[in-house]
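This report concerns only the one structure given below.
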Amino acid sequence: MALRLLGRGRTADVYALDDAWVLRRYRDGLDARREAEVMTYVRAHGCPVPRVRPDSGLAPGELVLERLTGPTQSVALLRGELSAMDAGRELALLLRQLHAVPVRPGADGPVRHLDLHPDNVIRTARGPMVIDWCNADEGDPALDWAMSALILAEVAVEPGRAEAGAAREVLCALLAEPLAERLGERLGERLGAPAGALDEAWARRAANPTLDAAEKGRVGDAVALVRAVLQGGR
Ligand SMILES: Nc1ncnc2c1ncn2[C@@H]1O[C@H](COP(=O)(O)OP(=O)(O)O)[C@@H](O)[C@H]1O
Ligand SMILES: [Mg+2]
């Protein structure tokens, strides 16, 4: 049976199975079982995450997920249906909601998505839903904020990139949110502190095999932009 390709990211292909379900398949055969477990856990605690169908007979790199309908944040931004300010706020709300999920016994902190950016949020009629949980782990939530900020900043510093201006505005809106929070005052410090979450995010992006050499070359500039925004500049 030929499946209809719905979407392609950097690591996975997503096919429509029917109106209700999609098949997400890693191209490199990465094991998706832990990802399924994390998604099921945070969903049970109210996070907007597609349902994972408990399937037998799937290959280790395959997941059957609830089919979502709607544009990604990126597409909504591009079409002018969503402002950069609202996109940044939405990302901040999603991060905060995720980090409020009870820490699992034995874990070092709350679940972190670590790749929460406008391509990984689908805006459905029921609200924004978070996809693409392959990098998720558990630990200090400051790293999750730092990864989102850095990924946005990477787009913002890319010469000639059409979305650069919007990405910068989304970044500013995202970082304006946690800083206004009680917990956020410390978060801003930890994000920008030497050897803090931002440096760890830098190391992770520099080691990410899905980034090409030119993209990796810009991560340092992106870190500088995040620091500038944290210090109140743009
Ligand atoms: N549950 C879903 N329902 C509908 N489309 C989806 C779903 N999950 C992913 N997609 C589509 O597939 C694309 C890639 O999925 P994603 O999980 O982000 O993979 P990658 O790790 O390769 O980025 C998304 O941008 C979206 O268009
Ligand atoms: Mg993705």
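All residue numbers in this chain count up from 1 along the given sequence. Counting starts at 1 for both ligands and their atoms, following the listed order. Quick caveat, the model's predicted, so the values are computed rather than measured.
Closest heavy-atom contact between Leu143 and Ala201: CD1-N, 3.6 Å. When all heavy atoms of Ala222 and Ala153 are compared, the pair lying nearest together is O-CB, 3.5 Å.
At least one side-chain heavy atom of Asp86 sits less than 4.5 Å from a side-chain heavy atom of Arg89. Looking at heavy atoms from C-beta onward, Gln97 lies in side-chain contact with Pro48 at the 4.5 angstrom threshold.
Asp119 and Ser74 are linked by a side-chain donor-acceptor pair at a separation below 3.5 angstrom, with hydrogens and angles left out of the test. Remark: the Tyr15 side chain and the Glu62 side chain contain no N/O donor-acceptor pair separated by less than 3.5 Å.
When only non-hydrogen protein atoms are considered, atom 21 (O) of ligand 1 lies nearest to Thr11 OG1, 2.6 Å. Scanning all protein heavy atoms for the shortest distance to atom 10 (N) of ligand 1 gives Val14 CG1, 3.7 Å. At the top of the distance list for atom 24 (C) of ligand 1, counting protein heavy atoms only, stands Ile131 CD1, 3.7 Å. Among protein heavy atoms, the minimum distance from atom 25 (O) of ligand 1 is reached at Asp119 O, 4.0 Å. Counting protein heavy atoms only, atom 27 (O) of ligand 1 is closest to Gly7 CA, 4.1 Å. Atom 14 (C) of ligand 1 has as its closest protein heavy atom Gly9 N, 3.7 Å. Nearest to atom 1 (N) of ligand 1 among the protein's heavy atoms is Glu66 O, 2.9 Å.
With sequence neighbours excluded, no residue forms a salt bridge (charged side-chain N to carboxylate O under 4.0 Å, His left out) with Arg34.
The residue from Asp140, Asp137, Asp144 that alone fulfils the salt bridge (Lys or Arg N to Asp or Glu O under 4.0 Å) condition with Arg112 is Asp137.
A salt bridge does not link Glu154 with Lys216: every distance from a Lys NZ or Arg NE/NH1/NH2 to an Asp or Glu carboxylate oxygen is 4.0 Å or more. With respect to the salt-bridge test (charged N to carboxylate O, under 4.0 angstrom), the residues Asp199 and Arg227 qualify. The pair Asp221-Arg218 does not meet the salt-bridge criterion, since no charged nitrogen lies less than 4.0 angstrom from a carboxylate oxygen. Arg205 and Glu215 are not joined by a salt bridge, as no carboxylate oxygen comes within less than 4.0 angstrom of a charged side-chain nitrogen.
For Asp132, a nitrogen or oxygen atom sits less than 3.5 Å from a nitrogen or oxygen atom of ligand 1, counting backbone and side chain alike. Inclusion of Leu68 in the set of residues having an N or O under 3.5 Å from an N or O of ligand 1 is warranted. Residue contacts with ligand 1: Asn120 is placed with a nitrogen or oxygen under 3.5 Å of a nitrogen or oxygen of the ligand (distance criterion only). In terms of polar-atom proximity, Ala12 is counted as a contact of ligand 1, with an N or O under 3.5 Å from an N or O of the ligand.
Proximity of Arg24 to ligand 1, defined as any heavy-atom pair under 4.0 Å, is confined to the side chain (atoms from C-beta onward).
Near Arg67, meaning under 4.0 Å from one of its heavy atoms, ligand 1 places the atoms 3 (N). The atoms of ligand 1 that sit less than 4.0 Å from any heavy atom of Val22 are 1 (N), 2 (C), 3 (N).
Residue Asp108 places its CG atom among 12 or fewer non-hydrogen atoms of other residues, nucleotides or ligands, all under 6.0 Å distant.
Screening the protein for N, O or S atoms under 2.8 Å from the Mg ion (ligand 2) yields 2; no waters enter the count.
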